[in-house]
Amino acid sequence: MEQLSIPTAPLLDGGFIPLVGTGSLFAKGNELADGLAACINDGYRLIDTAAQYANEVAVGEGIRRSAVPREEIFVTTKVAGVDQGRGLARRGFEESLRKLGTDYADLLLIHWPNPSRGLAVETWQEMLDLQSEGLVRHVGVSNFLAHQLEELYGATGVWPVVDQIQLSPALARTELRGFLTERGIVAEGWRPLGQAEHAMEQNIVRTIAERHGVDVSQIVLRWAVQQGAVVIPASKTRERWLRNADLFGFELSDQEMTDLATVDLGEAKAWDANIHEEW
Ligand SMILES: NC(=O)c1ccc[n+]([C@@H]2O[C@H](COP(=O)([O-])OP(=O)(O)OC[C@H]3O[C@@H](n4cnc5c(N)ncnc54)[C@H](OP(=O)(O)O)[C@@H]3O)[C@@H](O)[C@H]2O)c1
């Protein structure tokens, strides 16, 4: 089959990020390395990992096992809660690089804001230093709410280029995404198939999928990329990872987007980053 061709979205800092990437929680060890290498050989370029996932060694191995040079791949990793703060964030990131077997990351995110510790601003300042030293190309955050993003900007005058958030038609995050869009921050959807919220099982999603002759998963993912959001679905099955990136040969109409808005369960069903913390 022909290689997938995945478009990019522009970043605030002048860079670009692929609109579809793969997560890395679908397998471990050799199985993960081989799966990622195969995804990359099929055309995936964006790979999402995190210090917290304890899989960066296998991710690095997967990149090396692929036929694609490192510089063509966009590697995202994240600062774990335990590594927040000046110094610690740097040491944690250096450890991520060592495990990945690379000398730079394309995108570094703060994994969760963890407000009870109050270290997000310090962490962000350290990440800006890492960026100016060329160790990371782009810097962003994950799971940040509007007021938490404002805190980073207020302290440094720099907005994150990406906010990786829980996002699917069933958790549409409309207000937060409005805030991101106004500032040019790219929303990146984690768990973008919305399984826990049964996004793919909704009748309206099935109806729209039948109309376009595509799978329900493609409707759910197309909903995000059509609005400029990046998605990082993960599958251990080739048929599925090919389908998950095959989103650019059809378009949802305005009416279909309006109909999909009816499956949103609302912000209250998303994990609340004012309370939920991860280490
Ligand atoms: N920043 C954060 O806080 C955060 C939190 C969670 C996740 N993430 C990132 O986001 C990535 C994606 O999230 P996720 O792995 O939780 O969820 P996901 O990618 O939305 O879903 C993965 C599950 O969906 C199945 N699947 C994949 N493609 C499918 C398709 N086309 N049709 C039906 N089922 C399909 C997979 O099963 P099979 O393997 O059997 O196909 C697997 O069970 C993670 O790998 C991770 O990198 C970030």
Side-chain angles (χ1 to χ4, degrees), residues 4 17-28 31-32 34-36 38-39 42 44 46-56 58-59 62-63 74-82 84 96 100 105-114 120 140-145 148 160 162-171 173 176 186-202 205-206 209 214-225 229-247 270-273 275-279:
L4 294 163
I17 184 169
L19 273 169
V20 185
T22 176
S24 59
L25 292 172
F26 61 88
K28 290 183 174 174
E31 195 190 352
L32 175 57
D34 285 339
L36 287 178
C39 276
D42 278 333
Y44 274 83
L46 168 60
I47 315 289
D48 186 79
T49 181
Q52 195 185 316
Y53 302 162
N55 67 5
E56 288 166 309
V59 169
I63 292 168
F74 191 107
V75 183
T76 303
T77 191
K78 312 186 190 87
V79 177
V82 71
Q84 280 201 25
S96 288
L100 286 162
D106 295 277
L107 176 62
L108 181 64
L109 307 177
I110 304 179
H111 205 144
W112 280 89
N114 292 351
V141 295
S142 181
N143 299 303
F144 275 55
L145 301 171
Q148 295 163 333
V162 163
D163 191 2
Q164 186 182 113
I165 54 174
Q166 195 179 13
L167 181 69
S168 77
L171 288 174
R173 319 297 302 271
L176 174 57
V186 172
E188 180 178 25
W190 63 259
R191 212 158 288 167
L193 293 164
Q195 294 96 328
E197 295 77 30
H198 307 286
M200 291 186 283
E201 294 154 37
Q202 301 304 310
V205 174
R206 288 201 182 119
V214 299
D215 192 68
V216 283
S217 56
Q218 291 168 290
I219 297 301
V220 167
L221 297 173
R222 173 74 204 184
W223 170 87
V225 298
V230 171
V231 288
I232 46 168
S235 176
K236 56 181 178 306
T237 311
R238 182 165 188 251
E239 189 195 348
R240 283 183 173 174
W241 78 59
L242 292 175
R243 200 187 287 149
N244 290 345
D246 182 12
L247 310 176
W271 291 5
D272 182 355
I275 297 161
H276 181 89
E277 306 204 342
E278 292 197 6
W279 313 101

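Numbers here simply count residues along the sequence, with the first being 1. The analysis underlying the following values was restricted to heavy atoms, covering all of them including side chains, and did not include hydrogens, waters or symmetry mates. As the structure lists them, so they are numbered: ligands from 1, and atoms in each ligand from 1.
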Using a strict cut-off of less than 4.0 Å between a Lys/Arg side-chain nitrogen and an Asp/Glu carboxylate oxygen, indicate whether Asp215 and Arg240 qualify as a salt bridge.
no
For the CG atom of Asn244 and the CG atom of Leu4, what is their distance to the nearest 0.5 Å?
10.0 Å
Given [options], which has its nearest heavy atom closest to [atom]?
atom: atom 34 (N) of ligand 1; options: Gln52, Lys236, Arg240; result: Arg240
atom: atom 27 (C) of ligand 1; options: Gly23, Ala234, Ala273; result: Ala234
atom: atom 3 (O) of ligand 1; options: Leu221, Leu109, Asn143, Thr76; result: Asn143
atom: atom 24 (O) of ligand 1; options: Arg243, Gln164, Gln195, His276; result: Gln195

State, without any angle test, whether [X] and [Y] hold a side-chain donor-acceptor pair at a distance under 3.5 Å.
X: Trp279; Y: Asn114; answer: no
X: Trp190; Y: Gln164; answer: no
X: Ser24; Y: Asn55; answer: yes
X: Thr49; Y: Glu56; answer: no

Contact with ligand 1 for His111, non-hydrogen, under 4.0 angstrom
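Flag set, His111 near ligand 1.
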At a 4.0 Å cut-off, with the gap strictly under it, does some heavy atom of Trp241 reach an atom of ligand 1?
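No, that is not the case, since the closest heavy atom of the residue is not under 4.0 Å from the ligand.
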So for ligand 1, is [X] a polar contact partner (N or O within less than 3.5 Å, distance only)?
X: Lys78; value: no
X: Pro233; value: no
X: Leu25; value: yes
X: Asp215; value: no

Report the nearest protein non-hydrogen atom to [atom]: residue, atom name, distance rounded to 0.1 Å.
atom: atom 41 (O) of ligand 1; value: Ser235 OG, 2.5 Å
atom: atom 6 (C) of ligand 1; value: Trp190 CE3, 3.2 Å
atom: atom 16 (O) of ligand 1; value: Arg191 NE, 2.9 Å
atom: atom 31 (N) of ligand 1; value: Asn244 OD1, 2.8 Å
atom: atom 26 (N) of ligand 1; value: Leu193 CD1, 3.6 Å
atom: atom 48 (C) of ligand 1; value: Tyr53 OH, 2.9 Å
atom: atom 47 (O) of ligand 1; value: Asp48 OD2, 2.6 Å
atom: atom 12 (C) of ligand 1; value: Ile232 O, 3.0 Å

I'd like to check which ligand 1 atoms, numbered from 1 as shown, lie under 4.0 Å from a non-hydrogen atom of [X].
X: Pro192; value: 20 (O)
X: Ser217; value: 30 (C), 31 (N), 32 (N)
X: Ser24; value: 45 (O), 47 (O)

Closest approach of [X] to [Y] (non-hydrogen atoms, all atoms of both residues):
X: Ala234; Y: Thr22; answer: CA-OG1, 4.1 Å
X: Arg173; Y: Gln166; answer: NH1-O, 3.0 Å
X: Ala51; Y: Ala80; answer: CB-CB, 4.2 Å

What class does the angle between the rings of His276 and Trp271 fall in, given that below 30° is parallel, 30 to 60° is tilted and above 60° is perpendicular?
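Ring orientation, 0 to 90° scale: tilted.
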Indicate, with yes or no, if the rings of Phe144 and His111 have centres closer together than 6.0 Å.
no
Any sub-3.5 Å donor-acceptor pair from Gln148's side-chain atoms to Leu145's backbone N or O?
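Judged by distance alone, yes, a pair lies under 3.5 Å.
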Does any N or O in the side chain of Arg191 come within less than 3.5 Å of the main-chain N or O of Leu167, such that one atom is a donor and the other an acceptor?
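Checked: no pair found.
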